[in-house]
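In this text, all values refer to a predicted model and were calculated from it rather than measured experimentally. Values below: all heavy atoms of this structure, side chains included; hydrogens, waters and symmetry mates excluded. Numbered from 1 within each chain, the chains take letters A, B, ... in sequence-line order.
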Amino acid sequence: VILFYGFAVSALATAAFGAILAGGQALQLTRLSLPYLLGSALTPRQQRAAALGHLLHLAIGTVFSLFYLAAFVGLGGASVWSGAAGGALHAAVVLLVGAPVLPALHLGMASEAGGATERRRIEPPGPLALHYGAGTPVVLFAAHLAYGGILGLLYS
Amino acid sequence: MPAQLPRVTAARRPGLGLREHALVGDGRSVALISDRGTVDWLCWPDFDSPPLLGALRDPRAGRFHVSIAGATRIERHYAGHTPVLETRYASESGVALVHDFMPVELEVAGGPLLAPERELLRLVRCERGAVEVVVELAVKPDYHSAPVRVRHAGRLGVRFEMPDALLALASEVPLEIGDDGVVRGRMRLIAGDSVGTSLVFARRWPAVLSPLGLHAREALAHTIRWWTDWSSRVWYAGPWRDQVLQSALCLKLLFGSPAGAAWAPPRDPVAPEPSRRSPGTPRPGPAQRAASWLGDGALIARALYGLGFDREADRLLARLLDQSRPRWFSRGTGGSRDGAEPATELIDAMTQLARRRGQLDRKARRTLTRLGRDLLSEGASRSRPPRPGAGRPDTIQSVLRWAAADRLLLLRAAGHLDQLRAVDLARLRDHLRAEIQRDSFSPARHSYLARPGEDSVSARLLLLPWYGFDLATSDRMRGTWDRIQAELGAPGGGFYEEAATAGRGAVAAAGFWAAEYLAMGGGAVEEALGVFESQLQFASNLGLLGERLDPWSGAALDRFPFAGSHVGLINAALTLSRRLEQEEWRGHRRTFEWPPAQAEAGP
């Protein structure tokens, strides 16, 4: 029951995260799509990348929720605020560290130094992921706040 | 009407050379490229998006130039029956070949590979001597009214960052950004060298960039192969195969999707489109836009059926059904335009489909039933005296309603539309026929009239036999044709639509209506051939036709290229080819008739 509850909580938080990113895309605030980026790292096929990307996104969301859970245990309890604070920290790491190193990790991503190649064709996120649109940091921040906040609320 | 091409007239932009533009596209968007190698018109992501490059209307509104320096001779043609443009530039020092195209997405067993949302590739190969390639790109979105930030991104090329999208230029030619925001590059090539330049667009996802080099050359080969396969499906093998194929290709570019995806209508097919409207000009409503697209779409579906593109025509009709409105006859299209045209074209196209397949699906039957009820309800109100001040419909509008009633009656008789009463449809059809023949025909002038009670003719009256309202061989139609020739004939063999609108230029499609009317029996086959051939000379050297033309100079006016003109060409070519076959068959029959008639009559 605990495992099932944990999985449901992480799935809900990941879904909220994905919904905020998709909303940002729909409002043309950002072109960032994590499922698209994750899936395209595994396959160059469009449809397969989309399907794989969503599954991978869910899996990664579940794994990250375990880190949040560990942090809540370490802090002696969970709350919306502590979850949101974790989300803010998470977003800062993604924007400041993850975005610059992503071209080195992503098998399909081009880089300013290496240019585009047959396999590496996806535009890199650039500093603060601003290549994907000026609203990207804000949307990503909001998505992480929601993700952490939901985890904090439901684990409390 | 169809795709979003700018309404420009020679009067507004003297010496513009609209007819000298080539069309390249992938079915989702198109670009117009001048004979100097400049993309003067490009709307991304859709036909009706605000132009990223709009120099065709405003020289400051962005352009994309790729050619060679000091070119003294330029030859252009399409690579076979494909929308891949080949331009050969010759200068005093050498010769270079440029390929301009929008690549078709590569597909593998698991579906299409990741590809840019939109892409234009321009490849230059030096064939002889040495040439200097010139690349220049100025992006001024929406007539330089939208902000854009230009930035060099190292080996990824130059980024044009807009609030809601990205345009990325990658080139093997070294590029620099000028103080004016224009990107420029020059590079010397010797025989055998080649360089590529790619412009990609991203709005929904992180951009997929083009690696150029071998990949670009493979994309060229794949695109040519894909379109060649597509063109080979045309069954038409008559004397005008090249022109018919070029027209089919033009329709496909303006309305299709090259990778076999659903045929998507341009969202905003009537003028003034948002892409070419001046600030403050109201947009046409969605219903009006949909109706305009539907009218054209049904015509195109029939042309595609005629050429053997059943799959594309089926998809197009499915989309037409999805977007139809049940009250077109009574309420119009939401603008000033009468709704009978899209409604009748849709009904007629569905009748053809029912004949071919022997059945209609539930959605089609429901849509046609609703349209039929609306037609009957509007017909009942038409039989009452008109309101004071209310205008009477044009003759062609009444004929369209007659044709709709006629086709619905055919479908009813075939058992497809059980919920419509045959007696009501027959009564309306007969009433309309009597009304048209009474009010829209002048016994004194011995011709049909453009509008009841008005002593004028319209070239559209030549479509009456096409809709089956009258025979092409009838005295009434012959009288109408004589009058149209005398009053609407333009220099060079073109035709004006009406005398009152002659100042706007001749209508390209009207000449093909005339040729088809003659081919249907309105005249001798030689006469039909003469009219048809004279219309072909109005096409550009790349086989493209505009909406209107200056009959003296042949210059294209208004929209260019124009799908309606190409539909006219295809229909006329098909009808004329059938007529030629009939004549040939009759000739053979006379030759082999036994015993010969002359022998019987001899001494």
Side-chain angles (χ1 to χ4, degrees), chain A residues 21-53 99 102-103 106-136 138-140, chain B residues 45 49 103 105-117 119 121 146-149 151-172 174-175 196 198 200-219 259 261:
Chain A
L21 270 192
Q25 270 185 292
L27 294 171
Q28 297 181 350
L29 298 171
T30 179
R31 287 182 283 114
L32 174 63
S33 164
L34 276 185
Y36 177 87
L37 284 183
L38 292 170
S40 60
L42 301 177
T43 174
R45 292 169 174 81
Q46 278 180 15
Q47 289 157 359
R48 202 171 291 178
L52 282 174
L102 191 58
H106 192 295
L107 297 176
M109 189 165 282
S111 67
E112 289 199 14
T117 65
E118 188 68 33
R119 182 70 185 89
R120 293 179 172 271
R121 299 185 60 188
I122 296 174
E123 157 195 32
L128 296 177
L130 283 168
H131 282 183
Y132 297 159
T136 305
V138 175
V139 174
L140 208 56
Chain B
S49 303
E105 289 173 5
L106 278 167
E107 285 199 45
V108 289
L113 294 174
L114 288 173
E117 289 176 45
E119 183 177 19
L121 264 174
V148 59
R149 178 171 167 255
R151 194 174 70 76
H152 212 299
R155 293 187 63 185
L156 294 179
V158 177
R159 295 167 59 89
F160 296 83
E161 296 170 347
M162 293 161 274
D164 60 346
L166 170 79
L167 207 55
L169 177 71
S171 180
E172 289 163 308
L175 301 172
S198 154
V200 305
F201 176 87
R203 191 175 67 175
R204 293 186 61 200
W205 316 103
V208 177
L209 305 168
S210 189
L212 296 173
L214 178 65
H215 172 87
R217 289 195 290 279
E218 283 176 353

Quick check on B/Ala115 against chain A: is it the side chain, the backbone, both or neither that has a heavy atom closer than 4.5 Å? both
Quick one: of A/Gly108, A/Ser111, A/Ala26, who has the most non-hydrogen atom pairs under 4.5 Å with chain B? A/Ser111
Which heavy-atom pair separates B/Leu114 from A/Thr43 by the least distance, and what is that distance? CD1-O, 4.2 Å
Closest approach of A/Ala116 to B/Pro211 (non-hydrogen atoms, all atoms of both residues): O-CB, 3.7 Å
Find the one option among A/Gly114, A/Gly135, A/Pro125, A/Gly126 whose heavy-atom pairs under 4.5 Å with chain B are most numerous. A/Gly114
Taking every non-hydrogen atom, the tightest pair across B/Leu156 and A/Pro124: CD1-CD, 3.5 Å
Please report the closest heavy-atom contact between A/Ser33 and B/Pro206, naming both atoms and the distance. N-CD, 4.4 Å
Rounded distance [0.5 Å steps], CG in B/Asp164 versus CZ in A/Arg31: 10.0 Å
Atom CG of B/Leu166 and atom NE2 of A/His131: how far apart are they, to the nearest 0.5 Å? 9.0 Å
The reported gap from CD in A/Gln25 to CZ in B/Arg204 (rounded to nearest 0.5 angstrom) is 7.0 Å
Under 4.5 Å from any heavy atom of chain A - which part of B/Ala170: neither
Counting C-beta onward and ignoring hydrogens, is there a side-chain heavy-atom pair between B/Pro116 and A/Arg121 closer than 4.5 Å? yes
Give a yes or no answer on whether the side chain of B/Arg155 reaches the backbone of A/Glu112 with a donor-acceptor pair at less than 3.5 Å. no
Sort A/Leu37 into side chain, backbone, both or neither according to what part of it lies under 4.5 angstrom from a heavy atom of chain B. side chain
Side chains of A/Leu130 and B/Glu161 in contact at under 4.5 Å (non-hydrogen atoms): no
Of the listed A/Ala113, A/Ala134, A/Gly133, the one with the largest count of heavy-atom pairs under 4.5 Å with chain B is A/Ala113
